[in-house]
Amino acid sequence: MAYWLFKSEPDVFSIDDLKARGSTGEPWDGVRNYQARNMLRDQMRIGDAVLFYHSNCAVPGVVGLAQIASGPYPDATAFDPQAHYFDSKSDPANPRWYLVKVRYIRHLANPIPLSEIKTHAAGPLADLPLVRRGNRLSVMPVTPTQWDYILRLEHP
DNA sequence: GCCAACGTTGGC
DNA sequence: GCCAACGTTGGC
């Protein structure tokens with residue numbers, strides 16, 4: 001089983017929104033970055049564990065846990081001219097963009113702010129893309145070591 | 001294939 | 001709201 005971190009803007013889709021989806025989960029559509037697409041399409045599997053991260057907000061940080069709730073399948077919003085994420089170059093016969101579903105597990109007892117995570121950026125979290133300069137991946141891999149380390153920060 | 005222009009991300 | 005960093009686009 002693999003570990004991931006998913007960013008989401010809480011004003012658009014928060015951990016509470018994910019909770020409200022229940023066991024159905026949420027199709028993680030709109031990813032339009034090839035590096036992220038490759039991870040979604042080629043590496044994510046049902047049951048993989050997810051750190052749910054709030055970005056672009058007052059206190060960015062990890063706020064909850066989730067899991068991958070479907071295998072990868074084509075992102076149909078790319079085929080819909082009315083959709084915000086429409087991409088005329090994604091051919092239904094050869095889809096360019098993929099998604100997986102994500103399902104809520106739980107809130108963290110204490111959210112872990114990015115500022116806290118960054119204080120460990122010189123140590124075990126040095127290779128976490130989240131703390132690397134200029135990183136903009138909305139979906140990124142987390143190693144088992146990083147996962148354990150981050151979750152220990154939940155209970156200071 | 002180069003690279004300038006542009007749009008987006010996301011912390012602050 | 002600012003702006004650094006980055007990915008993508010498209011002219012040449």
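Side chains are part of it too, since the values below use all heavy atoms of this structure and drop only hydrogens, waters and symmetry mates. Chain naming here is simple, since letters A, B, ... match the order of the sequence lines and numbering starts at 1 in each.
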Q | d(NE2, A/His84; P, B/dG7) in whole Å | A | 14 Å
Q) Taking CZ from A/Arg32 and C1' from C/dC6, how many angstroms apart are they, rounded to a whole number? A) 19 Å
(Q) Whole angstroms only, please: what is the CG-C1' distance between A/Asn33 and B/dG7? (A) 14 Å
(Q) It should be established whether A/Lys7 places a side-chain nitrogen or oxygen under 4.0 Å from OP1 or OP2 of nucleotide B/dT9. (A) no
**Q.** Along DNA chain C (nearest heavy atom to each residue), the more 5'-positioned of A/Arg96 and A/Gly134
**A.** A/Gly134
Q: Would you mind reading off the distance between A/Leu5 atom CG and B/dG10 atom P, rounded to a whole angstrom?
A: 11 Å
Q.
Rounded to whole Å, please give me the gap between CD in A/Glu9 and P in B/dT8.
A. 12 Å
Q | N/O (side chain, A/Lys89) to phosphate O (OP1/OP2, C/dT9) under 4.0 Å | A | yes
(Q) Does C/dA5 have its OP1 or OP2 closer than 4.0 Å to a side-chain nitrogen or oxygen of A/Arg133? (A) yes
Q: Answer yes or no: is there a side-chain heavy-atom contact under 4.5 Å between A/His54 and A/Ile15?
A: yes
(Q) Whole angstroms only, please: what is the CG-P distance between A/Leu130 and B/dC12? (A) 10 Å
Q: Anything under 30° is parallel, anything over 60° is perpendicular, the rest tilted; go ahead and classify A/Trp28 against A/Phe13.
A: perpendicular
Q: Show your reasoning for whether side-chain contact (heavy atoms from CB on, under 4.5 Å) applies to A/Trp4 and A/Met39.
A: CA-CA 10 Å; A/Trp4 307 98; A/Met39 291 186 272; 3.7 Å; yes
**Q.** Shortest side-chain distance from A/Leu114, nucleotide among B/dG11, C/dT8, C/dA5
**A.** B/dG11
Q.
Ignoring hydrogens, what is the shortest heavy-atom contact between A/Arg96 and A/Arg37? Give both atom names and the distance.
A. O-NH1, 2.7 Å
Q | For the student: nearest non-hydrogen atoms of A/Pro60 and A/Tyr53, plus distance | A | CB-OH, 3.5 Å
Q: Check the distance between B/dT9's P and A/His54's NE2 and give it to me in whole angstrom.
A: 17 Å
Q. Given B/dC12, is OP1 or OP2 found less than 4.0 Å from the side-chain N or O atoms of A/Lys118?
A. yes
Q. A/Tyr34 has an atom OH; how far is it from atom C1' of C/dT9, in whole Å?
A. 11 Å
Q) Nearest to the side chain of A/Arg136, which nucleotide is it out of B/dG11, C/dA5, C/dT8? A) C/dA5
Q. Is the phosphate of B/dG11, meaning OP1 or OP2, less than 4.0 Å from a side-chain N or O of A/Tyr53?
A. yes
